[in-house]
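Residue numbers start from 1 in every chain, and the chains themselves are labelled A, B, ... in the order their sequence lines are given, proteins ahead of strands. These numbers come from the heavy atoms of this one structure, side chains and all, not from hydrogens, waters or symmetry mates.
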Number of protein chains: 4
Amino acid sequence: MFLMIEIDSDKPIYMQIRDQVIEGIASGQLPAGTSLPSIRQLAADFGINLHTVNKAYDLLEREGFIQLRRKTGAVVQVSGTLSDTWNERLQALMAEAYAKDVSSAEILQHCQLILGEFAAQHKLSNNS
Amino acid sequence: MFLMIEIDSDKPIYMQIRDQVIEGIASGQLPAGTSLPSIRQLAADFGINLHTVNKAYDLLEREGFIQLRRKTGAVVQVSGTLSDTWNERLQALMAEAYAKDVSSAEILQHCQLILGEFAAQHKLSNNS
Amino acid sequence: MFLMIEIDSDKPIYMQIRDQVIEGIASGQLPAGTSLPSIRQLAADFGINLHTVNKAYDLLEREGFIQLRRKTGAVVQVSGTLSDTWNERLQALMAEAYAKDVSSAEILQHCQLILGEFAAQHKLSNNS
Amino acid sequence: MFLMIEIDSDKPIYMQIRDQVIEGIASGQLPAGTSLPSIRQLAADFGINLHTVNKAYDLLEREGFIQLRRKTGAVVQVSGTLSDTWNERLQALMAEAYAKDVSSAEILQHCQLILGEFAAQHKLSNNS
DNA sequence: GTGGTCTAGACCACA
DNA sequence: GTGGTCTAGACCACG
């Protein structure tokens, strides 16, 4: 599995699942149409509560990243628009760095670095 | 005042205060040395509790954005380094957009737009 | 329990908790991984307020001595670096003794004595 | 003057005065018998409140570092024993470092360094 | 008047 | 059950 749950993290488990699924999609490891493990499967694999996984999947569906089907389980779908709060969160993050006197160039470099990694992994996944 | 509190938001009030103060610093509205309203003052102005404001100010101080003084209140101070989780949060945000099939160029454009606004406002504040 | 709260002390209660937990870690009574009592539990045990304990735990977490988990409570974790003011506080303390005409040798002996006790207790805890 | 007041510090002003007078004594800059500036003088020099200086002097007298006389002002006297809380504060400080996995040798080295500086300055003052 | 500390009691998110 | 957040009201230290 591609998931890495840190039970000690300050980030809620369902958010860890959500974020990592999204990163998996971004990096091309989970292209559209891919089936995600069933809720029971995933919960069993990591020894976490069904409700926790359910909450993550439900959130991912509401955000348009996956589609939940009876029996078939969860399927990745790439569609939808950026969430309402995305821009706000980005602005908060940019402000945090800018207020620390980090230059715009340096901040953009950080962004580019991350995006570059996604692109590189994407390419790799497609070729394999 | 520069603050805009949404009592119904899912984001904790003390985080709203923190984020908006940081944005104020980033945009130059709150240059180093500026005095922030006292804890009691701000609490009264927005009809929120003293402890909530205190928590926000305490957090801002620990993160190096302001300095709390016994008698003078809170004063803006730019120093310190980026928080440990800044890069993680940025990566999660970038992934979210990339997974939505938004191109790298478009994402970077979003960042640049925000940073550009900060720079423009900064310039404006300095000239006035 | 290992704690000893003096309600009448000039030292704030949350600082008493903090210092004693740190001493517990130093002496090996609280090795990494040990679970601390929950906030509510500790507050109830000593008849103090939940928020006071919360403040102590929050401080200990920020200083890297413990880790707060949603469900499991507080767990000891040794990491992080010395606080910024440690050296200043040490210097003030050394000056106080030196100004009383206590010899350097005697002062160092005090330090060694304390450190020796920590080491001895540490050894004891490990062997048991 | 030998004093350096930081109005922004988290440490109360009267404590800054106290600590620096003690350091002055420890380093030999203020040998026994030296007259300290009058309360009014010191308050005027630093633009601080009379009560604040008074509080510092009062504390220093109660701790046995100086002697307050009518008209004559404050005179340094080296005598008295270590304060009741000195050992406790030292123990807390040692614990803080030891709990961070700093070795006893390294901690002692810190202490020796500070004491060595006092001794060196002391010698210098006596020779001059 | 400022921030710092403590108490009392409440609701929510997480698992 | 855990910690996280918010409210309300109190007293103290500092200057």
Donor-acceptor contact below 3.5 Å, side chain [X] vs main chain [Y]:
X      : Y      : answer
T85(C) : E88(C) : no
S27(B) : E23(B) : yes
Q20(A) : M4(A)  : yes

Any side-chain donor near an acceptor of the partner, N87(B) and Q91(B), under 3.5 Å: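 No, because no side-chain N or O of N87(B) sits under 3.5 Å from a partner of the opposite role on Q91(B).
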Interatomic distance, [X] [atom1] vs [N] [atom2] [rounded to whole Å]:
X      : N      : atom1 : atom2 : value
E61(C) : dT2(F) : CD    : P     : 17 Å
Y57(C) : dT2(F) : OH    : C1'   : 12 Å
L42(C) : dT2(F) : CG    : C1'   : 14 Å
L59(C) : dG4(E) : CG    : P     : 13 Å
L60(C) : dG3(F) : CG    : P     : 13 Å
D58(C) : dG3(F) : CG    : P     : 12 Å

Quick one: do R69(C) and D10(A) make a salt bridge, cutoff under 4.0 Å?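 Not counted as a salt bridge, because no side-chain N and carboxylate O are separated by less than 4.0 Å.
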I'd like to know if R18(B) pairs up with E96(A) as an ion pair, taking the criterion as any Lys NZ or Arg NE/NH1/NH2 lying under 4.0 Å from an Asp or Glu carboxylate oxygen.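 Salt bridge present between R18(B) and E96(A).
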Pairwise side-chain contact, L90(B) with M94(A), heavy-atom cut-off 4.5 Å (strictly under):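 A side-chain contact under 4.5 Å exists here.
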Along nucleotides 5-15 of chain F, 5' to 3', which nucleotides get a B, which get an S, and which get a -, given that the test is a protein heavy-atom distance under 4.0 Å? BBBBB----SB
For dT2(E), does OP1 or OP2 lie under 4.0 Å from any side-chain N or O of S38(B)?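 So the side-chain polar atoms of S38(B) do come within 4.0 Å of the phosphate oxygens OP1 or OP2 of dT2(E), strictly under.
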Anything below 3.5 Å on both distances counts as a pair; with that, list the stems of at least three consecutive Watson-Crick or G-U pairs involving DNA chain F. E:1-14 with F:1-14
Work out which heavy atom in F46(D) is nearest to a heavy atom in L3(D); give both atom names and the distance. CZ-CB, 3.5 Å
